[in-house]
> 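The structure that follows is given in the form of structure tokens.
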Amino acid sequence: MIVTARLSFSAAHRLHNPNRDAEWNRRTFNEDNNPGGHGHNYFLQVSVHGTIEGDTGMVIDLKKLKDIIRERVIDHVDHSNLNEDVDFLRGVIPTAENLALCFWQQLASAIKEGSLYEIVVEETEKNSVTYRGEDE
């Protein structure tokens with residue numbers, strides 16, 4: 001059984017690799033390299049895999065799952081600059097791919113009922129990334 005919670009957050013970021021020169025960054029990231037950054041209204045979808053617990057009829061209480069997501073991720077990233085304001089993103093180029101990986105790292109150990117199965121970071125209605133812990 002897979003249970004999924006979906007939350008939203010708004011944040012700004014700049015795609016920039018400080019180890020490369022300005023021309024490489026402009027060519028690679030285009031308008032996403034704007035020195036002033038830009039913002040998105042993101043959606044974060046978190047799925048937990050497990051068996052239905054007999055006494056509750058649930059894999060994990062969705063309220064509890066949402067509380068974990070808020071505490072470990074949303075409260076840190078909402079209305080922030082992802083390049084500058086979020087400790088667990090320091091030194092990370094905040095692409096949707098890297099966000100999914102870092103969010104996984106924040107959430108996996110906190111989920112005790114079932115196990116983290118999948119994270120989807122939706123940057124726009126047309127762009128999303130799915131991560132299932134392949135690099136862990």
> State, to 0.1 Å, how close Ser47 and Thr4 come at their nearest heavy-atom pair, and which atoms those are.
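Shortest heavy-atom contact: OG-OG1, 2.6 Å.
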> Does Val77 reach the side chain of Leu82, with side-chain heavy atoms less than 4.5 Å apart?
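Heavy-atom side-chain distance check passes, below 4.5 Å.
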> Please confirm whether the backbone N or O of Asp75 pairs with a side-chain atom of Arg70, one donor and one acceptor, at under 3.5 Å?
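No; zero donor-acceptor contacts below 3.5 Å.
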> Rounded to the nearest 0.5 Å, how far apart are OG1 of Thr130 and CD1 of Ile119?
10.5 Å
> Measure up the Phe9 and Tyr42 rings against each other and bin them: parallel (under 30°), tilted (30 to 60°), perpendicular (over 60°).
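Rings of Phe9 and Tyr42: parallel, as their planes differ by under 30°.
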> For residues Ala96 and Val129, report the shortest heavy-atom separation together with the two atoms involved.
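Minimum heavy-atom separation between Ala96 and Val129: CB-CG2, 3.4 Å.
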> Salt-bridged, Arg90 to Glu84, with N to O below 4.0 Å?
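The answer is no: the pair does not qualify as a salt bridge.
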> Which residues satisfy the side-chain hydrogen bond (donor to acceptor under 3.5 Å, both in side chains) test with Arg132, sequence neighbours excluded?
Glu118
> Considering all heavy atoms of both residues, which atom of Val59 and which atom of His49 are nearest to each other, and what is their separation?
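Closest approach of Val59 to His49: CG1-C, 4.2 Å.
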> What are the two closest heavy atoms between Asn41 and Ser10, and how far apart are they?
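Closest approach of Asn41 to Ser10: OD1-OG, 2.6 Å.
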> Closest approach of Asp61 and Glu113, non-hydrogen atoms and distance?
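Reported closest heavy-atom pair: N-OE1, 4.3 Å.
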> Got a second to check how far Thr51's OG1 is from Met58's CE, nearest 0.5 Å?
13.0 Å
> Would you check if there is a donor-acceptor pair between the side chains of His13 and Asn83 at a distance under 3.5 Å?
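Short answer, no.
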> Any side-chain donor-acceptor pair under 3.5 Å between Ser109 and Arg72?
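A donor-acceptor contact under 3.5 Å links the two side chains.
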> Considering only heavy atoms from C-beta outward, does the side chain of Ile74 approach that of Ile69 to under 4.5 Å?
yes
> Tell me the closest heavy-atom pair linking Ala5 and Leu65, and the distance in Å.
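Smallest heavy-atom distance, with atoms named: CB-CD2, 3.8 Å.
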> We want to know whether His38 and Asp32 form a side-chain donor-acceptor pair, criterion being a heavy-atom distance below 3.5 angstrom.
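Result is yes, a qualifying pair exists.
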> Quick one: does Tyr117's side chain get under 4.5 Å of Ile2's, heavy atoms only?
yes
> Heavy atoms, side chains only, cut-off 4.5 Å: are Phe29 and Asn34 in contact?
no
> Roughly how far apart are Leu99 CG and Ile93 CD1, rounded to 0.5 Å?
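One gets 11.5 Å once the value is rounded to the nearest 0.5 Å.
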> How about Glu23: does its CD atom have over 12 heavy atoms from other parts shown lying under 6.0 Å from it?
yes
> I'd like to check Leu7 versus Val46 (side-chain heavy atoms, cut-off strictly below 4.5 Å). Are they in contact?
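Side-chain contact under 4.5 Å: no.
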> For a 4.5 angstrom cut-off between non-hydrogen side-chain atoms, does Leu15 reach Thr95?
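Heavy-atom side-chain distance check passes, below 4.5 Å.
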> Is any side-chain heavy atom of Glu53 closer than 4.5 Å to a side-chain heavy atom of Asp55?
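They are in side-chain contact.
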> Would you give the length of the straight line joining atom NE2 of His40 to atom CD of Glu123, rounded to the nearest 0.5 angstrom?
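The NE2 atom of His40 sits 3.5 Å away from the CD atom of Glu123.
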> Do the side chains of Val120 and Leu107 join up, straight or via other hydrophobic residues, at under 4.5 Å, putting them in one cluster?
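As far as the 4.5 Å side-chain criterion goes, Leu107 and Val120 are not connected within one cluster.
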> Is a donor from one side chain sitting under 3.5 angstrom from an acceptor on the other, for Thr28 and Asn25?
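The criterion, which ignores hydrogens and geometry beyond distance, is not satisfied for Asn25 and Thr28.
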> Trp104 versus Leu116: any side-chain heavy-atom pair under 4.5 Å?
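Yes - at least one pair of side-chain heavy atoms lies under 4.5 Å apart.
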> State plainly whether one hydrophobic cluster holds both Val92 and Phe103, where clusters connect Ile, Leu, Val, Met, Phe, Trp and Tyr through side-chain heavy atoms under 4.5 angstrom apart.
no
> Could you measure the distance from the CG atom of Asp85 to the NE2 atom of His76? Nearest 0.5 Å is fine.
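One gets 12.5 Å once the value is rounded to the nearest 0.5 Å.
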> Quick one: pull up NE2 in His16 and CZ in Arg26 and give me the separation to the nearest 0.5 Å.
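With rounding to 0.5 Å, NE2 (His16) is 10.0 Å from CZ (Arg26).
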